[in-house]
Structure formats: C-alpha cells, structure tokens
Amino acid sequence: MSSLRPGNVGIVIVSHSPKIAEGAADMVRQMVGDAVPLAWTGGDVDGGLGTNVAGILEAIETAWSPAGVAILVDLGGAETNSEMAVEMLPEDRRARVLVCNAPVVEGAVIAATESSGGSPLAAVKRSAEEFYA
Amino acid sequence: MHDANANRAAQTFASLTAFAVLVNPVGLHARPSVKLTQCAKGFTAKIEIALAADGPWTDAKSPVKVMRVKAPQGATLHFRVAGPDGEAALAAMLALVHDGFGEA
C-alpha cells in the first residue's frame, strides 16, 4: 500500500482477527481518506485467531512514515507482540513507533483523523487515547 | 477585518461567531465529525463548536471531543473562531454544515 502523503504519521491496525483488522482499516479509508499511510495485520501464522510478530513488522514497514507509526491493538497478545515487533526494528526507527492504549476501531479512526491533519506522532497517540480519558 | 494588521501586531484576534442548522439526516455522528475536524485542522485559527450560543465550547480540531457533542439533525451548531485566517475558517465550517457534510 503506497502512501500519498508520506509526511503524515502511519497507522497500523493489529487484531487477533484478520477480519476485524481489515474492517477497521476499511473504516479508516472510508471515513478519513487516503492521506494517511495505513496497514493492517491479524491472525497467527497458521491462519487462526492470534497475532504474529512477523506480520506486525511487515505492517509497520508498509505503513512506514518519517513522521512515525502509531499502532492500534485489541487484546493482550496483540499488544505484547506489537511491543516485540517494535523492539526488533532498527534502532533509528524504534523511537518513532508507538503502541496506543485505545480501542482498536475507534482509536484507528481517530488516530488517522489526527494524522491526516499533519499532527506529530505524540499528538496522534494522545488523541486516540482520549477515548479512555 | 479592516484592522487585521493591528490585530496581528497585538497577537490577538477578535472572536467571530456564526451558527448553522445541521441538515444531514444523522447529525454530527462519526463521519461528519471526522470531516469537520479535518476541515478545522486546515486552519491556524482556534475553532470551537457548541450547541448553544453561550457554550459550553468544544475544540473543533479534536475528533473525540467533537463526536462527544452528539449533535442531532436539526440542532443548531454554533461556531466561535479566532485567528489570522478566522474568516476563511468560519466560511469553510459553515459551508460544510450547509452542504450536509457531503452526505445530505
């Protein structure tokens, strides 16, 4: 997936269910548009429910932006695997990827909305996390 | 504004206000909120919305806060704008509402 405005923060959606991840990405595309680099991943390596580090790394690469990447996750393993994926990134990229403490669908839409306005990574994360504020 | 330069020098801008009735069938639900926020973010002016002329005012550049306003169809949406591009911002926001956020 190519990004039309690489200056905007990228959004990665990680769910145990590939259907949820893809559906959330569809909502972002339809509601926010194409101005934000976006990728999703879901399911374990055998195609069952779960998450896998390789898939998350690939999604981060797809949605990569010099402005950084915000990751939205659903439950437990999605978060720990995302954190593991971030640790495996090259050092110069690690600090520019943040996992958001926000609901996956709503957080993705809000984070993308914030990103589409050109906001920096910290503001994108903060806005997504307002849902729990 | 005829005294725009003076205002800019003083780093203060008079607040502009206006209102419009929400005409789109679902009011200010998720998708229109996103559009409103994106439009607001295109301006440097401070832009706020409210359901009454005396507030409470909500930051129009915050998608979460705008969605929490939950303005229904037929509600009057008030705008309060202050900044160097305030007039253009206000015109754009009003046009968006009149246009039913493109989904009327």
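All chains are named by letter (A, B, ...) in the order of the sequence lines, taking the proteins before the strands, and each is independently numbered beginning at 1.
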Under 6.0 Å from the CD atom of A:Glu83, do we count more than 12 heavy atoms belonging to anything else shown?
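It does: A:Glu83 CD has more than 12 such atoms within range.
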Which residues, numbered in order, of residues 90-97 of chain B come under 4.5 angstrom of chain A by heavy-atom distance?
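Within residues 90-97 of chain B, no residue comes under 4.5 Å from chain A.
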Give me the contact list for residues 30-41 of chain B versus chain A, heavy atoms only, anything under 4.5 Å, ordered by residue number.
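At a heavy-atom separation under 4.5 Å, chain A is reached by B:Ala30, B:Arg31, B:Val34, B:Thr37, B:Gln38, B:Lys41.
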Common cluster, [X]/[Y], ILVMFWY with side-chain heavy-atom separation under 4.5 Å:
X: A:Met84; Y: A:Ile71; answer: yes
X: B:Phe19; Y: B:Val81; answer: no
X: B:Leu22; Y: B:Leu51; answer: yes
X: A:Met27; Y: A:Val9; answer: yes
X: A:Ile56; Y: A:Val45; answer: no

Heavy-atom contacts under 4.5 Å, residues 86-115 of chain A to chain B
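The residues closer than 4.5 Å to chain B, in numerical order, are A:Val109, A:Ile110, A:Thr113, A:Glu114.
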With sequence neighbours left out, write down each residue that passes side-chain hydrogen bond (donor to acceptor under 3.5 Å, both in side chains) with B:Thr44, or none if nothing qualifies.
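Counting only residues at least two positions away or on another chain, B:Thr44 forms a side-chain hydrogen bond (donor to acceptor under 3.5 Å, both in side chains) with B:Asp85.
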